[in-house]
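Chain A is the first sequence line, chain B the second, and so forth, proteins listed ahead of strands; every chain is numbered from 1.
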Amino acid sequence: MTALRITPLFAFGSRRSLHMIERNLLVYRHGWLMLLSGFFEPLFYLLSIGFGLGKLVGDVNGPGGQLISYTLFVAPALLAASSMNGAISESTFNFFFKLNYDKTFASILTTPMSPADIALGELGWALMRGALYTVGFIAVMFVLGLVRSPLIFLTLPGALLIGFAFAAVGMAATSFMRSWQDFDLIQLVILPMFLFSGTFFPLDAMPDAVRLLIQLTPLYHGVELLRELSLGVVGPDILVHVGYLAAMGLLGFTVVAGRLDKLLLK
Amino acid sequence: MSEQRVAGTAPLIQARGLTKRFGTFTAVDAVDFDVQPGEAFGFLGPNGAGKTSTMRMIGCTSPISDGTLLVLGMDPRTEGAKIRGRLGVVPQQDTLDNELTVRENLIIYGRYFGFSRPECARRADELLEFVQLTDRGKDLVEPLSGGMKRRLTIARSLINEPDLMLLDEPTTGLDPQARHLVWDRLYRLKQRGVTLVLTTHYMDEAEQLCDRLVVMDKAKIVAEGSPRQLIERYSTREVAEFRFPAGVQETLDGQFEGLGSRIEKLPDRVLAYADDGEAVVIAARERGLHPETVLVRRSTLEDVFLRLTGRSLIE
Ligand SMILES: Nc1ncnc2c1ncn2[C@@H]1O[C@H](COP(=O)(O)OP(=O)(O)O)[C@@H](O)[C@H]1O
Ligand SMILES: [Mg+2]
């Protein structure tokens with residue numbers, strides 16, 4: 001028990017949360033086509049921006065300063081951004097619907113399952129889907145000749161870490177939401193991050209002040225993490241990226257843990 | 001009811017001063033009741049009386065605000081998961097999983113309780129048989145009729161072979177035929193010795209199913225007993241109902257005094273309570289009253305409720 005108390009994540013919820021994942025697997029057995037949308041999103045971005053725009057842009061500065069093709073530069077960033085987007089849509093819109101309108105959670109709560117089990121299970125499911133998309137994306141990069149280093153495989157846990165961080169914070173934010181209007185605020189935060197976190201162009205192009213500001217946001221760390229791993233150019237700053245995202249996820253989770261009982265057990 | 005209390009059997013539910021507040025509003029106001037093993041216990045009361053709030057506290061999905069509550073000898077505040085593991089819950093609103101088939105609904109629900117997959121599949125097939133839905137097993141839930149959904153919810157609540165079933169308005173909104181099908185299944189459960197706790201605002205349902213019940217009104221319990229005891233205590237054996245042509249009833253003030261032991265004037269009819277209803281009808285004719293229709297019937301729980309609260313159960 002003492003070991004459990006150290007990390008809020010594991011003290012929160014139980015093995016029963018796996019039944020949540022089992023439920024979602026059952027659901028997707030009926031409509032597995034829905035699973036595919038998350039796979040095509042980053043792929044379409046890669047084809048249009050990476051290859052389309054890349055022709056016009058030429059080479060850019062990658063991590064460590066060497067010149068790389070724009071497609072190589074943008075591919076891992078698109079993976080990071082889609083990990084963020086997937087986690088956010090699952091943990092905000094979908095989670096809000098399930099919390100407030102769907103009766104599935106209510107029925108599950110009449111069994112030994114707890115709100116924590118439900119939350120942990122939903123998070124686990126979101127990450128499993130994220131893993132599936134990431135593997136698909138890496139395979140496409142491989143086919144398109146965008147793989148430069150065996151470290152590319154570490155982008156899988158990297159993308160999952162991004163998913164975890166954003167899903168946990170997304171759920172925490174959603175637990176405070178009162179109406180659908182509040183979701184506009186989330187888009188207001190997510191969209192600029194998507195566009196400016198060094199996703200589509202190197203930060204050297206930015207004034208110092210703006211660059212510093214961007215370096216404080218989570219997607220920047222996600223993009224840098226995946227870019228370094230996919231190109232195999234890893235420096236000590238990777239610890240900062242990993243630490244930032246892990247701390248963000250754990251913090252988000254602690255907040256949800258404290259609020260879910262209140263929300264679901266009235 | 002006291003004769004049912006065999007020495008040494010603790011009540012399955014014990015509530016003392018049980019209270020539920022939502023903000024400053026009190027939905028359940030310091031109620032006391034016991035439910036004994038094997039009995040069918042009812043909460044009878046109109047909408048808003050606090051029945052669902054009480055059921056949800058017993059079901060450990062709503063924390064109690066005050067008082068004490070023991071379910072299966074355990075405290076919902078600390079042993080909620082353990083208690084829920086032994087309950088079968090049929091909520092007021094169906095909460096079936098619309099994204100799954102009928103059979104999958106049962107199987108995954110059993111999995112939430114931690115039973116193995118083969119065990120869940122076995123029980124699901126057995127329960128589909130029990131609620132007569134075997135041929136719908138592969139269908140999605142949405143196209144099912146209201147009665148079928150209700151039966152499926154009952155089957156779902158039985159997947160863990162519960163010691164105690166909580167049924168919140170099991171037949172509200174169902175047509176008579178569907179109601180009888182549900183009642184029939186509940187009877188069978190009762191015969192097997194499953195303890196049933198149910199809420200209803202139908203007096204016929206309470207009379208049919210409950211060994212013992214409490215009448216709830218405005219967050220409080222106002223009476224307790226078996227249906228027969230309640231009728232004996234708060235009503236007469238028979239009731240004579242008089243209906244008059246429109247506008248006439250208002251002109252007859254005072255003319256009913258002394259007919260039977262008690263008179264209730266409803267907007268559309270006058271009720272005279274007496275052990276011999278026919279005698280009251282004859283007495284009324286002798287007084288020169290000319291009702292459009294007369295009906296003599298036995299007292300029901302509806303009359304008990306009217307006596308206790310001055311209102312009808314279903315407004
Ligand atoms: N979650 C809630 N928040 C605020 N008020 C509630 C809530 N649930 C029930 N109530 C109120 O409590 C009272 C009792 O409701 P309920 O227990 O559902 O009664 P019943 O089941 O007998 O119809 C009603 O006035 C209802 O509006
Ligand atoms: Mg109710």
Practice item. Kindly compute the distance separating CD1 (A/I108) from OH (B/Y109), expressed to the nearest 0.5 Å. Key: 9.0 Å
**Study point:** Rounded distance (nearest 0.5 Å) linking atom OG1 of A/T111 with atom CZ of B/F113
**Key:** 5.5 Å
Practice item. Verify, without hydrogens or angle tests, whether A/H19 (side chain) and B/R111 (backbone) share a donor-acceptor contact under 3.5 angstrom. Key: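 Judged by distance alone, yes, a pair lies under 3.5 Å.
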Check your understanding: Does the B/R84 side chain pair with the main chain of A/M113, one donor and one acceptor, at a distance under 3.5 Å?
Key ->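 A pair under 3.5 Å: yes.
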Does [X] have more than 12 heavy atoms from other residues, nucleotides or ligands lying within 6.0 Å of its [atom1]?
X      : atom1 : value
B/Q132 : CD    : yes
B/K82  : NZ    : no
B/K220 : NZ    : no
B/R16  : CZ    : yes
B/F22  : CZ    : yes

Practice item. Show the numbers, then the answer: is there a side chain to side chain contact (heavy atoms under 4.5 Å, CB included) between A/R29 and B/E104? Key: CA-CA 11 Å; A/R29 244 185 23 197; B/E104 286 169 343; 3.5 Å; yes
Review point. For chain A, which of B/S62, B/P91, B/G59 has the most heavy-atom pairs under 4.5 Å?
Key: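 Most heavy-atom pairs under 4.5 Å with chain A: B/S62.
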Point to revise | Best-contacting candidate, B/I83, B/V89, B/L100, against chain A by heavy atom pairs under 4.5 angstrom | key: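 Answer, by heavy-atom pair count under 4.5 Å with chain A: B/L100.
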For [X], is it the side chain, the backbone, both or neither that has a heavy atom under 4.5 Å from a heavy atom of chain A?
X      : value
B/T101 : both
B/R86  : neither
B/R21  : neither
B/D94  : backbone

Exercise for review: List the steps, then state whether side chain to side chain contact (heavy atoms under 4.5 Å, CB included) holds for B/K20 with A/K266.
Suggested key: CA-CA 10 Å; B/K20 180 74 199 181; A/K266 284 180 193 143; 5.9 Å; no
Exercise for review: Examine whether an atom of A/R23 lies under 4.5 Å from a heavy atom of chain B, and if so say whether it belongs to the side chain, the backbone or both; otherwise answer neither.
Suggested key: both
Check your understanding: Going through the distances and angles, do A/T110 and B/L87 end up as a side chain to side chain contact (heavy atoms under 4.5 Å, CB included)?
Key -> CA-CA 8 Å; A/T110 59; B/L87 298 182; over 6 Å; no
Exercise for review: Heavy atoms only: give me the nearest A/L265-B/P63 pair and the separation to one decimal.
Suggested key: O-CD, 3.4 Å
Point to revise | Between A/D102, A/L264, A/T104, A/L26, the one whose heavy-atom pairs under 4.5 Å with chain B are most numerous | key: A/L26
Review point. Heavy atoms, side chains only, cut-off 4.5 Å: are B/L96 and A/S107 in contact?
Key: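 No - every pair of side-chain heavy atoms lies 4.5 Å or more apart.
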Point to revise | Verdict with reasoning, B/E99 to A/H30, per side chain to side chain contact (heavy atoms under 4.5 Å, CB included) | key: CA-CA 8 Å; B/E99 295 180 277; A/H30 295 294; over 6 Å; no
